[in-house]
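Below, chains carry the letters A, B, ... as their sequence lines are ordered, and counting in each starts from 1. Heavy atoms only: backbone and side chains are in, while hydrogens, waters and symmetry mates are out. Bear in mind that the values here come from a model prediction, so they are computed numbers and not experimental data.
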Protein chains: 2
Amino acid sequence: MLSVIEILADCRLFTAVPAKSFQRLAAMARLAKFRKGQMIFRENEDCPGVYVVGKGMVRVFKTGAGGKEHVLHIVEAGGTFAEVAALGGFKVPASAEAVEATLCALLPQPLFRKALEEDHPLCLGMLSGLSLWVKHLVGLLEDVVLRDAAGRIANYLLDARRTADGAVALPSLKRYVASHLNLTSETFSRTFRRLIDAGLISIGKKNHVLIVAPERLRSVAQGILPKV
Amino acid sequence: MLSVIEILADCRLFTAVPAKSFQRLAAMARLAKFRKGQMIFRENEDCPGVYVVGKGMVRVFKTGAGGKEHVLHIVEAGGTFAEVAALGGFKVPASAEAVEATLCALLPQPLFRKALEEDHPLCLGMLSGLSLWVKHLVGLLEDVVLRDAAGRIANYLLDARRTADGAVALPSLKRYVASHLNLTSETFSRTFRRLIDAGLISIGKKNHVLIVAPERLRSVAQGILPKV
DNA sequence: CGCTTAATTGAACGCGATCAAACTATGTGG
DNA sequence: CCACATAGTTTGATCGCGTTCAATTAAGCG
């Protein structure tokens, strides 16, 4: 099983944090384990601290009127969530649920804040980490607002992390991807098929997607629809 | 005319910054003046630094395929923009334009970064400032994704800063508000009228909007449509 | 005033949502 | 091992909100 040190070491948000500060973080961290489908916290609860995912997958989502959900973020190993609420000291603005069996390191809110107040390099590291997160959010907004369904899927595929063989591995459930892109699974499925039929991508084993024509896919992401 | 000190003192982002750090910021700042309609910077340019608005109004927007624009933020006196790019050290992710004659204080990027590296309280203050900005962005996302046109307008009015007499002053051009809410000005106009006809709000002089029925408006923001 | 730019109103269209049904995959117990 | 159950995906048909196109009215500003 992973230790807190291994989990934190693999976390992007802390890459800029020097060794000494890192040890302090490792010392305060405790492990948190979640079953598949388990809720980690709900919107408007007090923030327990910063969660760092070591293994598994977490979806962070907002719930709107009539129970409609929107996935803000799908967090995998190396990612963090609830950092913003922990930093700002407010209630968590969204809910989090373990999509698979998940292991996290939790940096408890009060200790973490104390560390920030005393540790300047840590503070700096968090600042650049946060600014990356803002960049990501602006990208998300851009997606929802300026792109159509095909454009969003194309952009998602181009931005996604690739496996060793250059394919994109979709999260276990496509519906979560769809929600992340603010699409219904129906529209996602249909549009996905259009991209396959147009020869821009192809589907392999186990939800692995091959990008056949990257340039054409890129033009789709910029708003040029593929013919037929 | 406003001095840099007056501008910075009135800025929310720096409220948590102690006096000593504040003076350092004031010392590095220079004034930047923009005519109505003048571009301040364009997407993907190098970040000049942190802009603090002292007077006037700036719209920060993204441009998508086909020239479609989306207003990320309307910045008035006391607000800042380009902070994120300045912190993270990357290119500005959006364009900025002075909507009216505008006076800003500019904290030049290299000096500002240096100050951050040396000044821990400043760093802390910026962290909580940034986390507020993230909160705002998540709110925007929530808006676009989970609310319909009426809900977005209602929510916007409820969240907006009030004048002394409790009214909401819309930015000079309604189209910018519309774009901010990801609506066309046509839809904005129509939906606005529906809210007036339903007796939830009323229009005063000079783009001032009175909120007549706050509770009912709040329920609209939560997705309950006003009858007829 | 007349000229320009913004806001409003009307009519028709289209993208993506919704409802519904068939199909597929993955288990589970007899 | 197969019948059945459960959950997810795909495909089809229809609907509605917001967009788009077009025309009119209102507002700024020389």
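Each of R147(B) and K36(B) was assigned the nucleotide of DNA chain D with the nearest heavy atom; the assignment lying further toward the 5' end belongs to R147(B).
Using a 4.0 Å heavy-atom cutoff across all strands shown, N182(B) reaches sugar-phosphate atoms only and no base atom.
Separating the CG atom of L173(B) from the P atom of dC29(D) is a distance of 10 Å, rounded to the nearest angstrom. Separating the CD atom of E100(B) from the P atom of dT5(C) is a distance of 19 Å, rounded to the nearest angstrom. Between the CD1 atom of I203(A) and the P atom of dG8(D) there is a distance of 18 Å, given to the nearest Å. Between L183(A) atom CG and dT9(D) atom P there is a gap of 14 Å when expressed in whole angstrom units. Rounded to whole Å, the distance from CZ on R194(B) to C1' on dG10(C) is 16 Å. Separating the CG atom of D197(B) from the C1' atom of dT9(C) is a distance of 13 Å, rounded to the nearest angstrom. In this structure, L181(A) places its CG atom 12 Å from P of dG16(C), rounding to the nearest Å. Note: OH (Y176(A)) to C1' (dG8(D)) measures 11 Å, nearest angstrom.
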Verdict with supporting geometry, V84(A) and F90(A), side chain to side chain contact (heavy atoms under 4.5 Å, CB included): CA-CA 8 Å; V84(A) 179; F90(A) 29 78; 4.2 Å; yes
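Judged by the 6.0 Å and 45° rule, K174(A) forms no cation-pi pair with F188(A).
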Would you tabulate the nitrogen or oxygen pairs shorter than 3.5 Å linking the protein to nucleotides 22-26 of chain C?
none

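With a 6.0 Å radius and a threshold of 12 heavy atoms from other residues, nucleotides or ligands, I5(A) has its CD1 atom at or below the threshold. For CZ of R42(A), the number of neighbouring non-hydrogen atoms (other residues, nucleotides, ligands) closer than 6.0 Å is 12 at most.
Taking side-chain N and O atoms only, T184(B) has no distance below 4.0 Å to OP1 or OP2 of dG18(D).
Ring planes of H136(B) and H73(B): tilted class, angle from 30 to 60°. Between Y51(A) and F81(A), the two ring planes are parallel [angle under 30°; tilted spans 30° to 60°].
Here dG18(D) is the nucleotide among dC29(D), dA6(C), dG18(D) with the atom lying nearest to any side-chain atom of R152(B). Checking dG18(D), dG8(D), dA7(C) against the side-chain heavy atoms of K174(B) singles out dA7(C) as nearest.
Each of V144(B), L140(B), D143(B) was compared with H180(B) under the side-chain contact (heavy atoms from CB on, under 4.5 Å) criterion, and only L140(B) meets it.
When the ring-ring contact (aromatic ring centres under 6.0 Å, His included) test is applied to F14(A), no partner is found at least two apart in sequence or on another chain.
For residues 186-193 of chain A, proximity to DNA chain D is found at E186(A), S189(A), R190(A), R193(A), defined as any non-hydrogen atom under 4.0 angstrom from a strand atom.
Smallest separation of non-hydrogen atoms from G49(A) and A82(A): O-CB, 3.5 Å.
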